[in-house]
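The shown structure was predicted, so the numbers you read here are calculated from the model rather than taken from an experiment.
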Amino acid sequence: MPESTPRWRPELETRYAELGARLEPLLPCLEWPLHLPWIDAINVLKRERGAVIMAHSYQSPEIFHGVADVTGDSLALAQAAADCDADLIVLAGVHFMAESAKILAPGKTVLIPDLEAGCSLAASITAADVRELRHRYPAAPVVTYVNTSAAVKAESDACCTSANAAQVVEAMAAEWGSDRVIFLPDAFLGRHVAQQTGIELVLWDGRCEVHEQFTGQQARHARERFDARLVAHPECPPEVQDEADFVGSTTAMGAWLEREQPARVALITECSMADNLRARFPKIEFIKPCNLCPHMKRITLPGIHACLRDLRHEVQVPPDIAARARAALERMLAVGRRDRV
């Protein structure tokens with residue numbers, strides 16, 4: 001075992017007893033002794049570096065609860081990056097999130113534990129594609145989902161997340177005096193937004209490789225077999241959304257559970273989302289017809305530790321692209337958040 005590998009020490013169990021109790025229902029018992037030395041070593045390094053670790057809601061429980069200082073959806077992490085006082089940010093998420101943090105906090109050092117943590121939506125569209133759509137629909141503003149590259153954001157008028165997509169679309173349509181908006185790149189989220197707003201959307205055929213796999217049959221099975229309420233992410237196919245009791249962003253899901261307090265719920269989204277909400281709502285039984293995001297799962301405790309130790313995988317965005325992308329992200333933040341719950 002390399003010397004840089006943190007080792008188990010009996011006192012860690014006592015020091016992290018409260019965290020251990022919180023994670024007990026979320027992790028196999030054999031995993032806890034393996035994770036704990038890494039959690040302790042990361043927390044030590046984090047203090048030494050003066051770093052802030054930001055983790056998306058799709059991160060595994062040992063990261064989300066064990067080492068993160070800030071947790072939430074893409075919008076919450078973007079807001080946190082803009083407001084952050086620390087000089088060093090470690091983004092436990094995928095690459096477009098780290099780019100957004102760097103764009104909104106240009107004077108900070110932003111690290112990502114794995115440079116290969118990508119996104120099928122971000123890979124589905126290029127800046128040239130956006131320019132072509134602008135040429136075809138010159139009177140329509142471009143609203144781009146944050147699950148895109150910095151170069152695509154730079155070609156956009158405003159960004160949005162699943163939490164505030166409808167609100168941003170409405171605001172941009174009003175600002176431009178247009179009854180048509182170009183919405184990129186998630187076609188399923190776009191359909192959901194069009195239903196909410198009544199605004200004509202020009203859609204791109206992008207898909208989330210995690211959410212597009214769900215089927216209406218799976219949703220019906222969860223309801224009929226387990227007598228569960230169904231909560232789906234708007235990146236799911238229309239047939240799944242049509243079966244759901246509620247469709248909303250990761251944050252909106254939590255708000256719905258808080259309000260409804262169902263006895264049993266099936267979260268049709270990424271698996272770790274259900275794990276992390278289960279810790280928040282221990283009285284609710286979670287059925288998990290879920291899929292793992294292979295990109296989010298590239299982020300691990302050893303990867304976070306190495307990233308902090310060696311200050312490796314710094315995220316950079318060319319200044320000209322960053323300036324234009326920042327304008328689109330700041331429009332998103334200026335519109336504000338109003339989860340449709």
Side-chain angles (χ1 to χ4, degrees), residues 42 45-46 48-60 63-64 67-127 130 144-156 159-161 184-185 208 293-333:
I42 289 168
L45 266 179
K46 182 172 62 174
E48 291 176 355
R49 297 288 196 193
V52 168
I53 297 177
M54 300 182 182
H56 189 267
S57 299
Y58 293 171
Q59 285 302 310
S60 300
I63 294 172
F64 188 89
V67 299
D69 303 291
V70 178
T71 59
D73 62 9
S74 298
L75 180 55
L77 299 185
Q79 290 170 322
D83 298 337
C84 182
D85 291 329
D87 291 328
L88 177 62
I89 297 171
V90 176
L91 205 298
V94 294
H95 196 267
F96 76 80
M97 297 177 184
E99 277 191 332
S100 295
K102 180 63 178 179
I103 290 165
L104 290 168
K108 313 292 185 186
T109 299
V110 177
L111 308 178
I112 186 168
D114 192 317
L115 289 171
E116 298 302 314
C119 172
S120 61
L121 282 168
S124 75
I125 190 164
T126 67
V130 184
T144 298
Y145 197 24
V146 291
N147 298 43
T148 48
S149 68
V152 167
K153 290 180 176 72
E155 299 294 334
S156 309
C159 293
C160 70
T161 70
L184 311 168
C208 167
C293 175
H295 306 290
M296 286 286 184
K297 295 308 177 274
R298 295 186 72 95
I299 308 301
T300 63
L301 290 173
I304 294 171
H305 182 266
C307 173
L308 269 172
R309 182 193 62 209
D310 303 332
L311 297 179
R312 70 181 188 182
H313 301 331
E314 182 175 356
V315 175
Q316 299 282 5
V317 180
D320 59 326
I321 290 176
R324 290 184 290 135
R326 186 178 306 116
L329 284 166
E330 286 177 345
R331 278 198 189 93
M332 172 186 78
L333 298 179

Before giving the answer on side chain to side chain contact (heavy atoms under 4.5 Å, CB included), spell out for L329 and V146 the whole-Å C-alpha distance, their side-chain angles and the decisive distance to 0.1 Å. CA-CA 8 Å; L329 284 166; V146 291; 4.2 Å; yes
Once rounded to the nearest 0.5 Å, what's the spacing between atom NE2 of H95 and atom OG of S100? 10.5 Å
Flag the pair L91 / I299 as yes when at least one side-chain heavy-atom distance between them is below 4.5 Å, and no otherwise. no
Nearest non-hydrogen partners of L104 and E330, listed with the distance: CD2-CG, 4.1 Å
Output the distance between atom CZ (F96) and atom SG (C119), rounded to the nearest 0.5 Å. 5.0 Å
Give, for atom CD of Q79 and atom CG of L333, the distance between the pair rounded to the nearest 0.5 Å. 5.5 Å
If the condition is salt bridge (charged side-chain N to carboxylate O under 4.0 Å, His left out), which residues does D83 pass it with, not counting sequence neighbours? none
Is it true that atom CG of D85 has more than 12 heavy atoms of other residues, nucleotides or ligands lying nearer than 6.0 Å? no
Judged by atom type as modelled, is there a donor-acceptor pair below 3.5 Å linking the side chain of R49 to the main-chain atoms of L88? no
Judged by atom type as modelled, is there a donor-acceptor pair below 3.5 Å linking the side chain of S149 to the main-chain atoms of V152? yes
Nearest non-hydrogen partners of P185 and L121, listed with the distance: CG-O, 3.7 Å
Residue set satisfying salt bridge (charged side-chain N to carboxylate O under 4.0 Å, His left out) with R324, at least two apart, ordered chain then number -> E155
For the CD atom of E99 and the OG1 atom of T148, what is their distance to the nearest 0.5 Å? 8.5 Å
Which pair of heavy atoms, one from F64 and one from S57, lies closest together, and at what distance? CE1-CA, 3.7 Å
What distance do L77 atom CG and I89 atom CD1 have between them, rounded to the nearest 0.5 Å? 10.0 Å
Donor-acceptor check, side chain of D69 to backbone of I53, threshold 3.5 angstrom: yes or no? yes
Minimum heavy-atom separation for V94 to I112, with atom names? C-CD1, 3.7 Å
Evaluate the side-chain proximity of Y145 to S74: yes if any heavy-atom separation is below 4.5 Å, no if none is. no
So side-chain hydrogen bond (donor to acceptor under 3.5 Å, both in side chains) across residues 105-117, not counting sequence neighbours, yields D114-R298
Between atom CE of M97 and atom CG of N147, what is the distance when rounded to the nearest 0.5 Å? 6.0 Å
Any heavy-atom pair between the side chains of C159 and R331 that's under 4.5 Å? no
Would you say E48 and L45 make side-chain contact, with heavy atoms under 4.5 Å? yes
Over all atoms of both residues, closest heavy-atom pair of K153 and A325: CB-CB, 3.8 Å
Contact summary for P113 and H313, nearest pair of heavy atoms: O-CD2, 3.2 Å
